[in-house]
Amino acid sequence: HVAWPVTPDIAIPTLLLALLYGVAMSAVALYGPVAGWRHLAFIIGLAMVFLALQLPIDPLVEHLFLVHQLQHLLLRMAGPVLIALGLAAGVLIAGMPVGVRRAVLAPVLANRAVRAIFGVLAHPAAAIALFIASLYFWEVPRFHDLALCNEALHYVMHASMLFAGLLFWWRVFDRRPAPQGARYGVRLLMLWLAILSSIVLGDYAALKSTVLYEAYDALGRLFDYAPLADEQIGGILIWIPSSMMCVVAAIIVIHLWGRHETHVDEKRAARPSPNSAASPSTMSASAMIDGKDRRTGRWRFDGYGVLQRQL
């Protein structure tokens, strides 16, 4: 018999986050428009994390390896990806009461120790290392079985995977360019390493010929599922869906990179030359913005944001 509870330690914080985000949606309108799909992405991402830790998935993870890997996929990948795309941090901060931001959040963020620790963890090398380690460590049979048999350790497993996932995907989809955000080439490297790690571990788990995780049999494997087949399907979940999500993320990063380069080129093209007063072939800033110069004719920006004269 498997109970399907809704535990308050997960349900209450999730509900509070959803309510805070709902309040923040109206508050952020004062700072500028946020695309509606970003709000939807955050809500779906939060729902995925909740689903991973509640019914019907969580009660089954101690009895089927493949369900456990589905839970990890939601905690490390799907949920954090959507939450990061939803610009969650900025929206949630905007939705906090002013008193809370000033009395609690500002002192914490201004603390030198906090800033130093977060600076280390947020470095791309640390973010990808934690992301990979949070998967590989808990897939070691000894630690995996211990977590299944110890509720407190199982919570640590979930928390570490969720934290590593949120940190990693925040760095990947950070809208700030370098130096505040990671360089786009570095983000693609992070995703490539994540894909490689998923392929190596997933391939091993899917193609192995021996059962590694004994705790599932001790706790009772559901539906009389063959232990080896259970673990092999779990390996496929580590291998293929995780890799595909990273491929899609890489496409998004390439798109963001292109938009950033276009924006940089547009700013460079619109910048007045120091010798504009002496050079008849140089346009003024206002002429660049208008796309027209009286002395040289009409101008336009091409698809890459480079200023071109129309012939």
Tell me, yes or no, whether the heavy-atom count around Y204 atom OH, taken from other residues, nucleotides or ligands under 6.0 Å, exceeds 12. no
What's the shortest heavy-atom distance between A84 and F173, and which atoms? CB-CD1, 4.1 Å
Under 6.0 Å between the ring centres of H63 and F223? no
Test item: R187 side-chain N/O and V172 main-chain N/O as donor-acceptor pair under 3.5 Å: yes
Mind checking what makes salt bridge (Lys or Arg N to Asp or Glu O under 4.0 Å) contact with D174, not counting sequence neighbours? R171, R176
For V108, the rest of its hydrophobic cluster, which grows through side-chain links under 4.5 angstrom: V114
With a 6.0 Å cut-off on ring centres, are F163 and W169 close enough? no
Listed partners of D224 passing side chain to side chain donor-acceptor pair (under 3.5 Å), at least two apart: none
When the aromatic ring centroids of H144 and H68 are compared, is their separation below 6.0 Å? yes
V49 pairs by side-chain contact (heavy atoms from CB on, under 4.5 Å) with which of L166, L75, I10? L75
Testing the 3.5 Å rule here: is there a donor-acceptor pair between the side chains of Y216 and D145? no
Keeping to residues at least two apart or across chains, list the salt bridge (charged side-chain N to carboxylate O under 4.0 Å, His left out) pairs with something in residues 197-214. K208-E231
For R112, salt bridge (Lys or Arg N to Asp or Glu O under 4.0 Å) partners two or more places apart: none
Scan W138, Y213, F137 and name whichever one has a ring pair (Phe, Tyr, Trp, His ring centres under 6.0 Å) with F143. F137
Nearest 0.5 angstrom please: L135 CG to Q69 CD, how far? 7.5 Å
Ring centroid separation for Y184 and H260, is it under 6.0 angstrom? yes
Answer yes or no: are there more than 12 heavy-atom neighbours, outside Q180 itself, under 6.0 Å from its atom CD? yes
What pairs with D217 under salt bridge (Lys or Arg N to Asp or Glu O under 4.0 Å), at least two apart in sequence or on another chain? R221
